[in-house]
Every structure is written in structure tokens, then in C-alpha cells.
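Reading through the C-alpha cells given below for one structure.
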Amino acid sequence: MTQPVSRAKIDIQGLSKEFGSFTALRPTNLQIPKGEFLTLLGPSGSGKTTLLQMVAGLLDPTRGKLVVDGQDWTFRPVNERGVGLVFQHYALFPHMTVEENVAFPLKMRKVTGEELRRRVVETLDKVQLGPFTHRFPRELSGGQQQRVALARCFVFRPEIILMDEPLGALDKALRESMQLEIRGLHREFGTTLIYVTHDQEEALVMSDRICVMNHAQVEQIGTPHEIYADPETIFAASFIGHSNLLKGKLVGKSDGGLHMLDTPVGRLAGKLRARDKHAKDLVLVVRPEQLRVGPSPDARHNELSATLRDVVYVGSENRLLLTLADGTEISASDKSDPSDLPKQGEEICFHWRSERARIVS
Ligand SMILES: Nc1ncnc2c1ncn2[C@@H]1O[C@H](COP(=O)(O)OP(=O)(O)OP(=O)(O)O)[C@@H](O)[C@H]1O
Ligand SMILES: [Mg+2]
């Protein structure tokens, strides 16, 4: 999935960061093509901000190289990068109105007169701030202030925009509408955008590709669908979406591309990546929506029995909470009418297609 180096807009080559003896980011390689929306997703302390700040020029790397449009940017000063930045705390100029805040980056770039006015008005309209042009930041809500920050960034049409948890301070409903707004602006301007979040749903909704980070390194890079359907590590599987995890040991040879894992509840088949062939502790991962109630129709399926502990109705579906013979708890999602489902405490049989399961380490 990596792009040829020559086509990358941003080419991160072995970039790492140490603070004294502490490693904030291990050597990282990442190629970001022009116009891509790439999200750095990971828990607190995984190195997301560290990586973003090195791309921004706010932090010097310990080792490695940053190449943008074929030029060495590793130590280029921040003000010579012309990159748009949006952070969680919007840092608007408090003594300037909304309009003046948004005009500022254009004035810095010597845009004047009608052109200046037109671009400010256009951008404010795009983020629905038309009615607020003459207010000061303190007279705006958090969401409105963050819209000003977005407008101030997009107004000068930077080729690269870096955003660090820009919606972190907003409530859920506002965050969701702003996610779509940012996505729309990105599409419209064709900007190359790196976005940092620890919110997996946000990453799935917004990104062309997601870079999953944990413990100062990249765990997996791929499209939202690839990461969800094909997690490569236990961490990626459990951090994004719901996963059922069944521990086991590899047995025998692969059969039709599938490997067998001996688990406490029986032998189960799944897909294994070559690099995990010799891993000691393996886990079979299967998403709740792959599970079907009832016995397995054929040998291409895994089958297990379990006690139905509870059925939780979550609006769009039912979530079946199941307990396996060894006490492991797993869940299945099911769209049938709740009255058609087995009852609490019943022993039920369920199955899933073997190739939908991943064996990861
Ligand atoms: N200036 C610094 N000096 C020492 N350690 C630092 C410094 N800046 C960051 N770190 C450490 O580096 C690690 C990665 O930090 P970073 O800010 O990149 O995490 P993050 O993924 O952005 O987390 P969050 O989601 O909480 O913002 C953390 O353990 C952090 O404490
Ligand atoms: Mg951070």
C-alpha cells in the first residue's frame, strides 16, 4: 500500500524523536500522496503529536529525514513551510474580529483589496460564520471559535494542513457535523491533510487512510476498511471497532490459505499473516457482525456453542452477549426481530466464515 517515493507529497523517512533517554517516536516511515487525508490514530502518549509537530517544524527530529515535494524539510523553519495548522485550542487573536482573524493569513501573504475581501467572505460562508463576521472570539461558542480557526487555515489555501485533535473540546453532535465539514473542505481544496485523533469513529468517518499508532510506533496503515476488516495486530483489532478475541496456539499447516488455532474452546480456522507464523501468542479475531446464530452450514465455517447471557437492543441492531465454555465473553450483532431470538440463559450454537477471522499477534 505504500506509494512510490517520487509520488509522495510528504515522505517521512525514519523520523524518530527522543527526549533524553525516553523514546517518544521510534523510527517511522510514512509516504503521504498529494491530496490524501491521513489520520494518526492512537491512544494518549502514542506519539501522534510528536510526529505531527516534526512535520510542522515545531519540533526537531532526533534522527531521520522529512522530504516534501522532493525537498529536504527536516530542519526547515516553521515559517518557511507555509503549512496550515489547527490545534485543539484555537489560538485566535482575541483583539481581532472573526473577519480580521480570517483575513490575517492573507494580509501576511500580501493579498489586498477586493481579492482579500472576496476570499474572506467566501471562506466564512463555507464554515457558516457569515452572520458572525464582526464578533470577537470571546463572543463565540467553542464550536464557532473552532470554525474560525478552520476558516483561518483554509483561507490561504495551504497545500498541507496539519490538525491536532481540532474537535477535542466540542460535544459529540457538534463534533460529528464538523467532521463532515472538514472532510468537505478537504475535498474541495484537494489539500494534503494529516489529522490527529484518539477517536476511532472520527478516524473511520474522515480518513482516506488511517495510521494506527501505539507505544511510539506505527502498528498498521491502511484505508478505514482495510484496518477494520483486516487488522494486522491485536492492538489494531481491539482499538478499532468491537472485536472478539480468542487466544490460542497454531497447529498444523495451512489449508486453502487458512491456518488452524487451538483455543480453549476448540480448533478454529482463520487467516494468518506470514510474519506471524512463528509468533508464540496468537489471537483469533472476529468481528461481532460476522457471527450468525445457528449451526455451521459447511466446513468453511467455524462453529461454537455458548450461553446467551444477555441481549442488548442498541437501536439499529441487537447485541448478543455470549459466554463460551471456558468463560470467555464475546458478542454478536444481529438484526432480527428481538422476539425471534433465543432467550437469556439458553445454550446456543453460532458460526462464522473462517476467512473472515484473522489470526494476529
Ligand atoms: N517535551 C517533552 N519532553 C519529554 N517527553 C515528552 C515531551 N513531549 C512529549 N513527550 C512524551 O512523548 C510521548 C508521546 O507524546 P505525544 O504528545 O506525541 O503523544 P500523543 O499520542 O499526542 O498523546 P495525546 O493523545 O495524549 O495527545 C508521551 O509519553 C509524552 O509524555
Ligand atoms: Mg497529542
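Residue numbers count from 1 along this sequence. Please read these numbers as outputs of a predicted model, since none were measured by experiment. For ligands, and for the atoms within them, numbers begin at 1 and follow the listed sequence.
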Is it true that the side chains of T307 and E347 contain a donor and an acceptor less than 3.5 Å apart? yes

With respect to the Mg ion (ligand 2), please indicate if T50 possesses an N, O or S atom at a distance under 2.8 Å. no

Option from R81, K9, K34 for which salt bridge (Lys or Arg N to Asp or Glu O under 4.0 Å) with D69 holds: K9

For T39 and V196, what are the C-alpha separation, side-chain angles and deciding distance, and is it a side-chain contact (heavy atoms from CB on, under 4.5 Å)? CA-CA 6 Å; T39 296; V196 166; over 6 Å; no

Can you list every pair where an N/O of ligand 1 is under 3.5 Å from an N/O on the protein?
residue, atom, partner, partner atom, Å
ligand 1, 18 (O), T49, N, 3.4
ligand 1, 18 (O), T50, N, 2.9
ligand 1, 18 (O), T50, OG1, 2.6
ligand 1, 21 (O), S46, N, 3.1
ligand 1, 21 (O), S46, OG, 3.4
ligand 1, 21 (O), G47, N, 3.0
ligand 1, 21 (O), K48, N, 3.0
ligand 1, 21 (O), K48, NZ, 2.8
ligand 1, 22 (O), T49, N, 3.0
ligand 1, 22 (O), T49, OG1, 2.7
ligand 1, 23 (O), G45, N, 2.8
ligand 1, 25 (O), K48, NZ, 2.8
ligand 1, 26 (O), S44, OG, 2.5

Decide whether a cation-pi geometry holds between R138 and F136; the criteria are a distance under 6.0 Å from NZ or CZ to the six-membered ring centre and an angle within 45° of the ring axis. yes

Is the NZ or CZ atom of R187 both under 6.0 Å from the centre of the six-membered ring of F37 and within 45° of that ring's axis? no

Stacked cation flag R109 on F156, 6.0 angstrom / 45 deg: yes

